[in-house]
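Below: one structure, written as C-alpha cells.
This chain uses plain numbering: 1 for the first residue, then up along the sequence. Model, not experiment: these values are computed from the prediction.
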Amino acid sequence: MHPRRRPALIVASLAALLLSLLVVGPARAADPFLSARPATASAAMGAQACGTADAALGRPATASSVENTGLPASAAVDGNAGTRWSSAFGDPQWLQVDLGASHQICQVVLQWEAAYASAFRVQVSGDGSSWTDVYATTTGTGGTQTLDVSGTGRYVRVHGTARATPYGYSLWELTVRTGTTDTPGGGGDLGPNVHVFDPSMPAASIQSTLDSIFTQMESNQFGLQRHALLFKPGSYNVNANIGFYTSIMGLGRNPDDVTINGQVRVDAGWFGGNATQNFWRSAENLSITPSGGTNQWAVSQAAPFRRMHVRGNLNLAPSGYGWASGGYIADSRIDGTVQPYSQQQWFTRDSTIGGWLNGVWNMVFSGVAGAPAQSFPEPPYTTLDTSPVTREKPFLYVDGAGAYQVFVPALRRNSRGANWPGTGSSIPLGQFYVAKPADTAATINAALAAGLNLLFTPGVYHVNQSINVTRPGTVVLGLGYATVIPDNGVVPMRIADVDGVKVAGLLFDAGPVNSPILMEVGPTGSAATHAADPISIQDVFFRVGGAHAGKATTSLVVNSDHTIIDHIWAWRGDHGTGIGWTVNTADTGLIVNGDDVTAYGLFVEHYQKYQVIWNGQRGKTIFFQNEMPYDPPNQAAWMNGSTRGYAAYKVAASVTSHEAWGLGAYCYFNVNPSVVAERGFETPVNAGVRFHDLLTVSLGGNGTIAHVVNDTGGPAQGTDTIPVKIVTYP
C-alpha cells in the first residue's frame, strides 16, 4: 500500500443565483437551484433588552495584582472616573467584580487609562473559579470600549494577556450592564442551502439540481459552500453524486420510507482515482436500490454512512481501485456484500451486512450481524459481538402532517444490529432555534438560555464568544457540515456537566488566533455521574489549517464522565492553505479526563504532540486510526523530553482500567524521513489496561516507528509499507 499524498487543491465554485423566497418573517435569499423546494416553518426572533444601570458599581472587586496601594481594584468600580486600578507590569493580569447574584450580562464598558490591554478576554462565572469567555480580542484599542456580550454569571472578569505599553493594565472604570432576553422563537425556514425534494417533482428537475450541486462541490475541498439534500418519503429515480460539504438525507421516520433507485455515489475522478481526500460528506436515513446491483461509496475521513439500507452490494473503493483510507458505517443494513478492496482501514458499528469481502490493514466491527469472525492479524478483522453502550444520532424527519421533527433515539446497551425502527422521542422543530450563518454567538446563547434546542443550517458561522450548552437533554444538530470558526481565540463550544446533551453533525474549524480548545465537554473537574443518560458527541469534526491558517492547542477535551464519542475526525491539516510546522500549530486532538468514557471510530491525525491522551478511568476505545504529523523538520524539533517523538495514543500512568480494540498508527515523515517515533502507543503496564489488535506502519518508508506499544514490537520501516502487528498487550 502506498502512502497518501495530498497536494493543495484549487477550490472550484459556482456563483449562486439570487432569487426571492417567501418565508414567515424577514425575506431571505432563495435556493439557487430551482428544482429544490425550500423548507419552511413558522418562526419568531427574540431580542435582547439591556438595562442602563451599572451592576458593578460599588461591588467587591479583586485583582491579580496592584501596582501600588493607591491603585486598588475597588477604584475601577467606584463610579469615579478620576480613580483607577493598575496592575503590576507583567502578563497575564486580571480584575474581577462580584455582582452579588447571577445576572444576564448584556454589556461591558471598559474605560482604559493610557496603559491598556492589546489582548484580553471578558469572562463570566457562577462561582468565581470556572470561567466562560463572552468576549476576546487580540487587537484592543484602549480608550472607552463598549462591548455587547451575552452570558450569565455572578462574577465578571477582565483577563489581560498582552499589554499595549511596558506598564501594567489600568482601568478608570469597569461598567457591567444587565438585562433580560426576550424568548427567541423556535422553528423557521431551513435556509437557502437546504434543498428539499418530494416525489411529485419531475425526476429530470431533481437530477438537474443534484448535478448542479455536485459540479459546484466535487473538488471544492476548502470552499465556503455547504449543502443538505433532503428527500421526503417516496421513491426517486435519480443518481446523486456527493461532493464536499454535502449531506444527503431521507426525511422518513425510517430509511425505507425513502428509496433512491440509482446511486448515492462517491468516486474520486476529481483526484485521479485517489480517494484519500474524499472528506466531509455524508449519507443518512434512506434506502438505495443500486443500478447494477452495487452502490459506490469511496470515501476517507469525516464521511459517515449512517442509518442506510443498501438493497445490494456496497463498494468502498474508487474506480480503478486506487488508494482509499478509512471510513465509517453505523446503524445500517447492507443486503449484499461490503467490498472494501483498497480501503486501508474501516469501522462498522451496529449494523447488519450480507458479507464482507476483504481486509487490508485494520477492519473493525462492533455489534455487526454478519461480520467476519475475529481473526486479527490475518485476515485483519477485529470483531466485537456487541457494542457496550450506544445512542444513535438524532435526525430530522417529517411527520404524517408534514411537520418537521427531530427524532432522538434511545440509549442502548450491549447493542447489535441496526436500530430501526427503534425507540426514542420526537422533538418538534418549533422547539429548536434554527440558526443561520449570520447569527451571532450571543443570539445563539440567548436561544439556548431560553430552553430551545439548536439546529445549525448549512453554512459557516463565526463566533466571538463560546456557545454555552447548559440545559440537560439539549440537542445540537448540524445540517450540511455547518462549520463553526472561533474568532479571537475563543473556545467555540462548551457543554456543561449535565445529563443527556447530544451534539451531532458539526465541523469546528480553528481560527488564526490560537484557541485553547475547540470543544469542551464538561468543565475541568466535572464529577457528576451520567451513566443513565450520557452526553453524546457524533459526527463532530475538527480542523486546524487547510481552509485557512488556524491554531488550536487541543481540539476536543472531554471532562464529563460516561460521555459517548461516536465518530470524530480531528485533523491538523497536512495540505491546503495555512500549513506548516510553525503555522497551523496544534498539540493534541483529544484529551479524555472523564471516567467511563466510550469512544467508537476515533480518527485523529497529524497533531504535534500526543494525538490522544486518556486520563480517565475505565475508558473504552473501539477503532482508532492515526497518522502522526507529516512535517517535523528534524528529530530535535519533535522530542518528548529525551524520547524521540510522541506516541499516537497515550494512556496516563495513573490509569488502572482501560481497554481498546483495533488501533492503527502510521508515520509519513515526508519533510524529513530520518525522523523516528519511539512508539505508536504508550500505556502503563498492569492487568487492568488491555489493548487488542494494534498495528504500526511506515508509509513508503518515510520515517520509522521503533516500537508498536511501549518497547514491544517494531520497527515499522521500509518502502514495502508492511504493518507491524501486536494481537494483545500486555
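- Q608 and D587 share no side-chain donor-acceptor pair at under 3.5 Å.
- Of the inter-residue distances, the one linking L477 atom CG with F456 atom CZ reads 10.0 Å to the nearest 0.5 angstrom.
- For the pair R154/D98, a side-chain contact is recorded, criterion being any heavy-atom separation below 4.5 Å from C-beta on.
- When only modelled atom types and interatomic distance are considered, D78 and T83 share a side-chain donor-acceptor pair under 3.5 Å.
- Minimum interatomic distance between A73 and L95 (heavy atoms only, all atoms of both residues): CB-CD1, 3.5 Å.
- Contact of the D631 side chain with the R572 side chain is registered, since non-hydrogen atoms from C-beta on lie closer than 4.5 Å.
- The two residues D54 and A56 have their closest heavy-atom pair at OD1-N, 3.0 Å.
- Although no hydrogens or angles enter the test, the distance criterion places no donor-acceptor pair under 3.5 Å between the side chain of S515 and the main chain of L518.
- Scanning both residues, Q538 and R391, for their nearest heavy atoms gives NE2-O, 2.5 Å.
- Applying the side-chain contact (heavy atoms from CB on, under 4.5 Å) test between M519 and each of I537, V491, V558 identifies I537 as the sole match.
- Note that CZ of R121 and OG of S466 are 8.5 Å apart. Values are rounded to the nearest 0.5 Å.
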Check your understanding: Given Y135 and N488, is the side chain to side chain donor-acceptor pair (under 3.5 Å) satisfied, shown in steps?
Key -> CA-CA 8 Å; Y135 178 83; N488 299 319; 5.5 Å; no

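- The CZ atom of R543 sits 4.0 Å away from the CG atom of D509 when rounded to the nearest 0.5 Å.
- S118 places a side-chain N or O within donor-acceptor distance of the main-chain N or O of A162, the cut-off being under 3.5 Å.
- When side chains are defined from C-beta on, T470 does not count as touching V498, because their heavy atoms never get closer than 4.5 Å.
- Enclosure of atom OH in Y167 is not indicated, since only 12 or fewer non-hydrogen atoms of other residues, nucleotides or ligands lie within 6.0 angstrom.
- Side chain of S125 to main chain of S130: a donor-acceptor pair is present (N/O by atom type, distance under 3.5 Å, no hydrogens or angles).
- The closest side-chain heavy-atom distance from K393 to H567 is not below 4.5 Å.
- Between the side chains of R226 and T483, at least one donor N or O lies within less than 3.5 Å of an accepting N or O.
- At a threshold of 4.5 Å between non-hydrogen side-chain atoms, the residues L590 and L602 count as touching.
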Exercise for review: May I have the step-by-step check of ring pair (Phe, Tyr, Trp, His ring centres under 6.0 Å) for W94 and W131, ending in yes or no?
Suggested key: CA-CA 12 Å; W94 52 262; W131 296 92; 7.7 Å; no

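- Side chain of H606 to backbone of M628: a donor-acceptor contact under 3.5 angstrom is found.
- For T553 and N514, the side-chain atoms include at least one donor-acceptor pair closer than 3.5 Å.
- You'll find the side chain of R59 stays beyond 4.5 Å of the side chain of V176, heavy atoms only.
- With hydrogens and angles ignored, the 3.5 Å screen pairs no side-chain donor or acceptor of N584 with any backbone N or O of D574.
- There is no side-chain donor-acceptor pair under 3.5 Å between Q465 and S150.
- In summary, the side chains of N559 and N593 do present a donor paired with an acceptor at a separation below 3.5 Å, with no hydrogens or angles considered.
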Review point. Is there a ring pair (Phe, Tyr, Trp, His ring centres under 6.0 Å) between W569 and F541 once you walk through the steps?
Key: CA-CA 5 Å; W569 184 37; F541 309 120; 7.5 Å; no

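- One finds the CG atom of D439 at 8.0 Å from the OG1 atom of T457 (value rounded to the nearest 0.5 Å).
- Counting only distance, with no hydrogens or angles, the side chain of S87 and the backbone of Y169 share a donor-acceptor pair below 3.5 Å.
- Taken from CG in L448 to CG in N468, the straight-line distance is 8.0 Å, to the nearest 0.5 Å.
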Point to revise | Test log, rule side chain to side chain donor-acceptor pair (under 3.5 Å), inputs Q107 and T146 | key: CA-CA 7 Å; Q107 191 176 83; T146 301; 5.6 Å; no

Review point. Can S657 and Q617 be said to form a side chain to side chain donor-acceptor pair (under 3.5 Å), step by step?
Key: CA-CA 6 Å; S657 177; Q617 299 287 354; 5.6 Å; no

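- Nearest heavy atoms, T563 versus V521: OG1-CG1, 3.9 Å.
- Using modelled atom types, one finds a donor on one side chain and an acceptor on the other under 3.5 Å when comparing H530 with D497.
- Considering only residues two or more places apart in sequence or on other chains, F624 meets the ring pair (Phe, Tyr, Trp, His ring centres under 6.0 Å) condition with Y649.
- Two residues are said to be in side-chain contact when any heavy atoms from C-beta on lie closer than 4.5 Å; Y607 and T554 fail this criterion.
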Exercise for review: Evaluate side chain to side chain donor-acceptor pair (under 3.5 Å) for Q145 paired with Y116, printing each intermediate quantity in order.
Suggested key: CA-CA 11 Å; Q145 292 184 264; Y116 67 93; over 6 Å; no

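- Side-chain atoms of N453 come within 3.5 Å of backbone atoms of Q431 as a donor-acceptor pair (strictly under, hydrogens ignored).
- Contact check for T178 versus Q104: no side-chain heavy atoms found under the 4.5 Å cut-off.
- The aromatic rings of W280 and Y245 sit parallel, their planes meeting at an angle under 30°, below the 60° perpendicular limit.
- In this pair, H658 and W614 present their aromatic rings perpendicular. The plane angle is above 60°, beyond the 30 to 60° band.
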Review point. R618 and D561: salt bridge (Lys or Arg N to Asp or Glu O under 4.0 Å), yes or no, with the steps?
Key: CA-CA 10 Å; R618 297 176 299 280; D561 294 347; over 6 Å; no

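- A donor-acceptor pair is defined here as one N or O able to donate and one able to accept, closer than 3.5 Å; such a pair exists between the side chain of T588 and the backbone of Y610.
- A distance of 7.0 Å separates CG in D91 from OG1 in T161, rounded to the nearest 0.5 Å.
- D148 and R177 are not joined by a salt bridge, as no carboxylate oxygen comes within less than 4.0 angstrom of a charged side-chain nitrogen.
- With hydrogens and angles disregarded, a donor-acceptor distance shorter than 3.5 Å links the side chain of E173 to the backbone of G79.
- Remark: the backbone N or O of T582 is not paired with any side-chain donor or acceptor of T585 at under 3.5 angstrom.
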